[in-house]
There are 2 protein chains.
Amino acid sequence: MKLSEGVEAAIHSAIVLADLPDGATLPGSALAEYHGVSGSYLLKHLKGLVAAKILESVPGPAGGYRLARGVEKISLLDVVLAIEGPQPAFRCLEIRQKGPGALEPAAYNKPCGINAAMLRAERAYRAVLAETKLSDLIEGYVADADPRAVAFSCAFLERSQRMPR
Amino acid sequence: MKLSEGVEAAIHSAIVLADLPDGATLPGSALAEYHGVSGSYLLKHLKGLVAAKILESVPGPAGGYRLARGVEKISLLDVVLAIEGPQPAFRCLEIRQKGPGALEPAAYNKPCGINAAMLRAERAYRAVLAETKLSDLIEGYVADADPRAVAFSCAFLERSQRMPR
DNA sequence: GCAGGAATACTCGGATATCCAGTGTCCGAGTTTCTCCGG
DNA sequence: CCGGAGAAACTCGGACACTGGATATCCGAGTATTCCTGC
């Protein structure tokens with residue numbers, strides 16, 4: 001039970017991109033510098049976000065990344081699934097069908113109760129993530145963050161953003 | 001986001017042990033044989049369950065494992081935490097404090113909103129697991145399982161259980 | 001026949017190799033931009 | 001002065017090493033049993 005640490009970077013990156021003016025982009029290298037992480041590695045995760053239609057990428061000079069849709073239409077679940085993959089955390093290996101007492105596969109048409117319980121828990125987990133939007137996180141950020149941090153963030157964006165024609 | 005596959009074996013093992021008569025034990029090797037998994041490796045996880053006070057171990061001949069308390073007092077969460085460890089799946093690395101715009105640590109007294117949201121989701125996850133007891137799983141098992149599987153299970157226990165004096 | 005003791009066999013527990021997903025990095029493909037040259 | 005073609009620079013995208021944790025295994029510590037010997 002352990003999430004990839006790229007999830008955290010991906011969420012932070014998405015929040016930074018949310019502050020861009022409409023249509024502007026930010027290079028992946030700028031995002032990496034802003035967060036103090038390896039640029040080459042951050043691109044790996046941003047790529048996943050692009051594949052999940054959460055971000056859009058613009059190639060060439062004046063290119064970079066931007067959100068593919070509004071902050072209120074992007075949930076934490078979208079980001080987590082884009083990085084971690086859609087498969088559930090608990091994978092039933094059907095060990096009930098192994099061992100000396102195994103029957104023919106047709107005898108196991110009913111789903112495994114353990115698997116069902118674990119998936120039920122994970123549905124609750126995902127439900128909370130799904131109802132938490134990026135807009136909620138941003139709202140909390142501007143309310144709690146140090147004003148200097150906000151000012152730096154704005155200045156950084158002003159300096160690094162690119163506006164393709 | 002991936003659970004150890006030992007979790008599944010641990011839950012199945014606990015359910016098997018639940019069918020033992022009061023006070024009887026079952027060797028780890030019997031549990032491994034029943035599930036068709038490596039005995040040496042299963043012991044590693046059973047050890048974790050013992051450390052978490054979910055199982056009791058009895059050494060020597062006629063020894064083995066048994067549940068440390070009633071099936072209605074053991075939740076799925078107990079088992080999962082015993083195997084996976086208590087730390088949450090999402091570990092906030094505080095990357096907001098990294099990078100060129102970092103401030104002194106005292107400026108980050110408010111908790112990170114992202115971390116808070118992820119932990120909120122995980123609390124929902126754990127809440128579902130906590131309210132699912134072993135007794136619930138057993139109830140579903142006897143209702144859905146093939147009668148032959150139940151018969152084999154009973155015969156196996158009858159054959160392998162040990163009764164320390 | 002009975003009691004005591006030592007050897008035994010079986011159990012769990014911890015320390016030790018092996019493997020794979022996640023981590024980290026690099027180089028190549030593609031596109032826009034800028035510059036330079038010709039008209 | 002203007003238009004177009006070419007080179008350049010910057011971007012993202014996919015392919016290639018490295019590392020930590022999970023997986024799998026073995027050998028040692030401990031205890032109840034069992035057998036044997038002496039009384």
Side-chain angles (χ1 to χ4, degrees), chain A residues 1-10 13 17 24-33 35-52 55-66 68 80 83-85 87 89-91 93 95 160-165, chain B residues 1-10 13 17 23-33 35-52 55-66 68 80 82-85 87 89-91 93 95 160-165:
Chain A
M1 187 67 174
K2 183 168 73 71
L3 272 76
S4 163
E5 83 182 58
V7 171
E8 184 178 7
S13 297
L17 291 176
T25 65
L26 199 66
S29 58
L31 280 170
E33 180 195 351
H35 292 119
V37 300
S38 158
S40 308
Y41 182 48
L42 184 61
L43 285 188
K44 190 187 193 70
H45 294 305
L46 294 178
K47 185 177 62 172
L49 296 181
V50 171
L55 301 186
E56 288 174 351
S57 67
V58 177
Y65 293 95
R66 67 178 161 224
V80 171
I83 303 297
E84 291 287 325
Q87 68 282 0
F90 182 83
R91 302 144 299 164
L93 298 180
I95 68 175
S160 304
Q161 65 177 269
R162 307 293 162 79
M163 179 61 73
R165 62 182 51 177
Chain B
M1 188 69 174
K2 182 169 75 73
L3 272 76
S4 163
E5 80 182 59
V7 171
E8 184 177 7
S13 296
L17 291 176
T25 65
L26 199 65
S29 58
L31 280 170
E33 180 195 351
H35 292 118
V37 300
S38 158
S40 307
Y41 183 49
L42 184 61
L43 284 188
K44 189 187 191 71
H45 294 304
L46 294 177
K47 183 178 63 172
L49 295 181
V50 171
L55 301 186
E56 289 175 350
S57 67
V58 177
Y65 293 95
R66 65 177 162 227
V80 170
I83 303 297
E84 292 287 323
Q87 69 281 1
F90 183 82
R91 301 144 301 165
L93 299 180
I95 68 174
S160 303
Q161 65 177 270
R162 308 292 163 81
M163 179 62 72
R165 62 183 50 175

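To find a chain, count down the sequence lines: A is the first, B the second, and so on, and within it residues start at 1. Bear in mind the structure is a predicted one, so any value in this text is a computation, not a measurement.
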Exercise for review: Quick one: label A:Ser40 by what it contacts on the DNA or RNA (base, sugar-phosphate, nothing), any heavy atom closer than 4.0 Å.
Suggested key: base
Check your understanding: Taking the side chain of A:Arg162 as its heavy atoms from C-beta onward, which of C:dT25, D:dC10, D:dG13 lies nearest to it?
Key -> D:dC10
Practice item. Can you figure out which of C:dT23, D:dT31, D:dC12 approaches the side chain of B:Pro59 most closely? Key: D:dT31
Review point. What nucleotide, of C:dG24, D:dC10, C:dG13, holds the atom closest to the side chain of A:Glu5?
Key: C:dG24
Revision key, fill the gap. Of the listed C:dG24, C:dT11, D:dT11, the closest approach to the A:Tyr41 side chain comes from C:dG24
Review point. A:Lys47 side chain: which of C:dT11, D:dG13, C:dG14 is closest?
Key: D:dG13
Study note, to complete from the structure: From the candidates D:dG13, C:dC12, D:dT23, the one with an atom nearest any side-chain atom of A:Tyr65 is D:dG13
Point to revise | Helical bend (five base pairs per end, nearest 10°) for the helix from C:dG1-D:dC39 to C:dG39-D:dC1 | key: 0°
Review point. Between C:dT23, D:dG13, D:dT23, which one does the side chain of B:His45 approach most closely?
Key: D:dT23
Review point. Base, sugar-phosphate, or nothing for A:Lys44, non-hydrogen atoms under 4.0 angstrom?
Key: base
Check your understanding: Going through the distances and angles, do A:Leu26 and A:Arg162 end up as a side chain to side chain contact (heavy atoms under 4.5 Å, CB included)?
Key -> CA-CA 6 Å; A:Leu26 199 66; A:Arg162 307 293 162 79; over 6 Å; no
Revision key, fill the gap. dist B:Ser13:OG -> B:Glu8:CD (nearest 0.5 Å) comes out at 10.0 Å
Review point. Which one, D:dT11, D:dA32, D:dA24, comes nearest to the side chain of B:Pro61?
Key: D:dA32
**Study point:** d(CE, A:Met163; P, C:dT32) in whole Å
**Key:** 16 Å
